[in-house]
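Everything numeric in this text was worked out from a predicted model, so none of it was measured. Heavy atoms only: backbone and side chains are in, while hydrogens, waters and symmetry mates are out. Chain naming here is simple, since letters A, B, ... match the order of the sequence lines and numbering starts at 1 in each.
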Amino acid sequence: MRRLTATVLGALALAASAWAQSTITLVGAGATFPYPLMAKYADEYTRLTGGKVRINYQSIGSGGGIRQFLEQTVHFGASDAPLSDQVMKDVKTRFKTNALNIAYALGAVVPVYNLPGVREPLRFTGPVLADIYLGKIKTWNDPALQALNPNVKLPPLPITVVHRSDGSGTTYVWVDYLSKVSPEWASKVGRGTSVQWPVGVGGKGNEGVAGVVKQTPGAIGYVEVTYAKQNNLSYGAVQNKSGRFILADLASIKAAANVPLPGDMRVSITDTAAPDGYPIASFTYLLLYEDLSVNKAVKSEAEARALVEFVKWILTDGQKYNEPLTYGALDSVPQQRALALLSRVTYQGKPIGKEITGR
Amino acid sequence: MLPAGNLRSLEKNLALRARYRKERFMMALVGLGTGLAFLILLLVLAYALSQGAGALNLDFFLKDMRPPGETGGGLRQAIVGTLIVDGLGLLIALPFGLAAGILLAEYPDHPVNPYLRLLSDTLNGMPAILFGLLAFILIVKPMGGFSGLSGAFALGFLMIPILARSTEGVLALVPKEIREAGLALGLPRWRVILSLVLPTARAGLITGVLLAFARAAGEAAPLLFTAFGSPLLELNPLKPMDTLPLRLFAFAISPYEDWHRQAWAAGLVLFGLITLTSLLARWASRRRF
Amino acid sequence: MKRLYTHSGDRIFAWALLLLALGVVVLALLMAYELYQGGSLALKRFGLLGFALGREWDPVIQKSFGAWPYILGTVIVSLSALLLSFFPALAAAIFAAEYAPRWLAQVINFLLDLMAAVPSVVYGLWGIFVLAPWIRDQVQLPLYMWAAEHAPWLVPILGVPTGYGLMTAVLILASMIVPYTAALARDAIALVPKEHREAAYALGATRWEVMRMAILPLARGGIIAGAFLALARAVGETMAVTMVIGNSHKLPYTLFGGAATMPSVIANEFTEAVEDLHLSALIAVGFLLFWVSMAVNFAAAYVLRRQERLVKGVL
């Protein structure tokens, strides 16, 4: 018995010392939407490095992620929207370096609804969705909706509008799209992570909106496409800029990013010009400092290198985990852009980004 | 015609009957009200059981979490983290909460008492997320990073006012005679309080501690920016640590069925944990009497 | 003759207690200070009064923030929840303290402990998936239909029957605060001296008469304290309310329609507020909440002190 205890204790001590010597834990915080994907990345990457690099990503919200990034309590931040010009400027003046917005996945927001008896996906246009959310279209058999869906018998049910009550990247993408297609929306409500909604019920979180829509006949809401699929909610096709009605799927989300991209990737791809692209799609971003040595959370060159290696892995091999979890993967053009951004990373003057990405 | 005496007794009889009717009516109301008070709790518990029981197995306690789409994981890291973070939080809160409670109950005329009472009640009414904000400003920022310890401070802050008020309430129930007896024997006041009053109130004190602990154990919001969370088991309180309510919350808002089940299971484990500590506390506090 | 003991031990003990207890005061002051500090940007921009009474909350177009709808929502929701939960909680307390057999009383006590410990988000999820649809179909729709036919003036008071709104939030909140009233009321009732009961029974009073005339008047202080404690908890309750209240800050509030409370707006927007003014406005709501909570407790202290004097008169 005593020998057993001794053996166990010895093994524990050995394991603990080995573990303490060589592990690096990278801490990231931010958007809720990519949390499952990040959990998958973290798990795979930890296994790949034999436990030497551990990733700890927690979903505290995009706003929280941006704030923690600026407070430098994390190695990397994550946000559903790129940093605003204001924040970019703040970073420049406070830390004398740039913030990099590196896209690594795509998401899509879909209009979900609960119409008993209606089987095939409804068709929507941007202006019609805007009018519903402005409270101007009040019933499902409204002429505007009926004209879009001539083959569907729409019930004379009142429309219950459901929106996110919490600030969210999903809301940002949704209202960003509505602002682009409806001048009235742009001037009355505008775009932001929380807005002043003209009508409707507010559900907390994607699951709140999905839950309310699921339980309310006549309801319309918007959620990330993953939620719609996992919860078996019906969602509609939306007309894009080229006039085609597109249903959100992995191909149409990926295609939405096939547009000229600016070098810093800070771009909204809603209302995309790509002919096969789904119009309510967006990138989701990792946030890094260009000069990692300004980030107080990055304590050594080894950590900085591990961080760049991890992001490089996400942008290349890691991309294969996106689609099984219904996140859009990067096409070659955005992928090259993201790697080019990553190659700019330095640590104490050393061009570690160039070394690791091989550019 | 009835004699007057009969009539009077009939009247009395009627009045008595009315009183009994009222008695039965009020007793029925008390029963009904008791039922109503627990109706929703029982419905919620039944719902949580039906949703989460399926995900509870041995792996749930022995393995760390898995990414979505993979079955067979558990929430070991969150269960252990909850015990450590909450335990530390309680250690932080105990001296302050108990002292405030003792001061309120044993020194009723102390000049700070009205303020103490008002401020601790005010703190009791603050949303938990604000305690997290405070711990972030006071602990996380100076320490330069998230840690289980900062989460413990956030929960400790939350527990202090609850402990203060429950301690006061319990000590007020201790009969005056016990104190008088002690003082009459020539014991100093501090000995009376420590050796007579507190032991007498032990059962109630433990219940109060437990309630504070349970309140804190269910809170996710104050831990978001403090304990932060971790996908793997972490035993060092200076590193980010996972807790059950954090995982419950993150999993409950995810789109995945198997994570939902784990979220409910996490809720059940939380109940279990609280039930267990409650029973243990009751058992421990009863043994000596 | 020497004194039996010196007072120094007592003095040290009292000072140590005081020092530790002042931790509570420091904590509260720190909280108030940090909230003021964090909210100062918004408070300076709109003025304290302008912020408290403003009705707009638009983080995007007008960038104007006013907390009035949230203050109103908090007051309505927490007071209604208290009203609704008070009598059931009192009944449970009476039953547990006086009439229930020992084992049943213990079950009730255990349930009360457990109730305070159920995570808020669990109540919230149950509310979304079970309670809200049930209330809509079984309560709100029939009432709405009846009102539309017989009492059209009621319709604007009722509002749209979606199930997610004021009524559902109040119901859930009411059940969540039961243990706070019940636990204190139970202790207060148990504390009433046996002689009072015995005297009343000896006079031939029924059980209810004993309760009403000999016990409740003496326990009143504890019961009221419990009610205020419950009210304070109701003011601060966040997650469950946020998930079912519909989160609309459009005034006037209706019975079925959406509403919002101060904790709910903080929980909703805190993690995603990027702009400084927006975040500052949210923390300023926390600052106001601090004062609302203090006002509630101040009122409680006042009422209690009067009660205590009354009870002392009786004894």
Side-chain angles (χ1 to χ4, degrees), chain B residues 19-20 22-23 26-27 29-30 33-34 36-38 40-41 44 47-48 95-96 99-100 102-103 107 115-127 129-130 134 137 157 160-161 164 169 173 186 188-190 210-211 214-215 217-218 220-221 245 248-249 252 267 270-271 274-275 278, chain C residues 4-5 9-10 13-14 17-18 20-21 23-25 27-28 30-31 34 87-92 94-95 110-111 113-123 125-126 130 175 178 182 184 187 191 206-208 232-233 235-236 238 263 266-267 270 286 289-290 293-294 296-298 300-301:
Chain B
R19 283 173 60 201
Y20 281 144
K22 184 153 188 203
E23 156 86 2
M26 290 315 294
M27 287 302 126
L29 268 191
V30 166
T34 309
L36 272 181
F38 296 107
I40 287 189
L41 173 73
V44 170
Y47 186 71
F96 297 104
I102 295 173
L103 193 71
Y107 298 83
Y115 306 100
L116 205 55
R117 203 169 282 140
L118 182 65
L119 288 176
S120 59
D121 284 353
T122 303
L123 285 176
N124 261 333
M126 300 303 284
I129 194 168
L130 296 179
L134 198 62
I137 294 170
F157 292 163
I160 287 174
L173 299 181
R189 206 160 166 191
W190 62 274
L210 198 78
L211 266 181
R215 234 326 275 301
L248 195 167
F249 190 65
L270 217 46
F271 297 158
I274 288 154
T275 311
S278 164
Chain C
L4 262 167
Y5 69 92
D10 268 352
F13 183 69
L17 275 187
L18 180 66
L20 285 173
V24 177
V25 177
L27 185 63
L30 266 176
M31 176 78 99
E34 292 296 350
F87 290 102
L90 186 59
I94 292 175
F95 186 68
F110 171 67
L111 281 179
D113 288 359
L114 189 62
M115 208 178 208
V118 176
S120 193
V121 62
V122 170
Y123 272 103
L125 286 172
W126 178 80
V130 183
S175 82
V178 159
L184 260 75
D187 294 347
L191 199 63
T206 64
R207 281 185 298 180
W208 172 246
R233 279 297 307 141
V235 166
T238 315
I266 296 175
F270 192 79
L289 186 59
F290 186 88
S293 177
M294 192 179 254
V296 167
N297 289 302
F298 196 75

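Heavy atoms of C:Phe95 lying under 4.5 Å from chain B belong to its backbone as well as its side chain. Within the 4.5 angstrom heavy-atom criterion, no atom of C:Ala182 approaches chain B. The parts of C:Leu18 that come within reach of chain B are both its backbone and its side chain, each placing non-hydrogen atoms under 4.5 angstrom from that chain. Residue contact with chain C, scored on non-hydrogen atoms closer than 4.5 Å, is absent for B:Tyr115. Contact annotation for B:Leu130: both backbone and side-chain heavy atoms come within less than 4.5 Å of a heavy atom of chain C.
Separation of atoms CD1 (B:Ile40) and CH2 (C:Trp126) is listed at 4.5 Å; rounding is to 0.5 Å. The distance from the CE atom of C:Met31 to the CE atom of B:Met126 is 5.0 Å, given to the nearest 0.5 Å. Residue B:Asn124 holds its CG atom at 8.0 Å from CG of C:Asn297, rounded to the nearest 0.5 Å. Within the model, atoms CD1 of C:Ile94 and CE of B:Met26 stand 7.5 Å from one another, a figure rounded to the nearest 0.5 Å. Atoms CZ and CG, from C:Phe298 and B:Asp121 in turn, are 12.5 Å apart once rounded to the nearest 0.5 Å. Summarising the geometry, atom CG belonging to C:Leu27 is positioned 6.0 Å from atom CG belonging to B:Leu134; distances are rounded to the nearest 0.5 Å.
Here the closest non-hydrogen pair linking B:Ala100 and C:Ala21 is CA-CB, 3.5 Å. Scanning both residues, B:Phe38 and C:Ala92, for their nearest heavy atoms gives CE1-CB, 4.0 Å. When all heavy atoms of B:Tyr47 and C:Val130 are compared, the closest pair comes out as CE1-CG2, 3.6 Å. When every heavy atom of B:Ala37 is checked against every heavy atom of C:Pro88, the shortest pair comes out as CB-O, 3.8 Å. C:Val24 and B:Leu123 get closest at one heavy-atom pair: O-CD1, 4.0 Å. Between B:Arg19 and C:Thr206, the closest heavy-atom pair is NH2-N, 3.9 Å.
For C:Ser120, the side chain to side chain donor-acceptor pair (under 3.5 Å) partners two or more places apart in sequence, or in a different chain, are C:Glu237. Shown here are the side chain to side chain contact (heavy atoms under 4.5 Å, CB included) partners of C:Leu289, two or more places apart in sequence or in another chain: B:Pro127, C:Val235, C:Met262, C:Pro263.
Between chain C and the options B:Leu116, B:Leu29, B:Leu36, heavy-atom pairs under 4.5 Å are most frequent for B:Leu116. No other option in C:Val178, C:Val25, C:Leu17, C:Val296 has as many heavy-atom pairs under 4.5 Å with chain B as C:Leu17.
Side-chain atoms of C:Leu20 and B:Leu103, non-hydrogen and from C-beta on, never get closer than 4.5 Å to each other. Within the 4.5 Å cutoff, the side chain of C:Phe13 has no heavy atoms near those of the B:Arg189 side chain.
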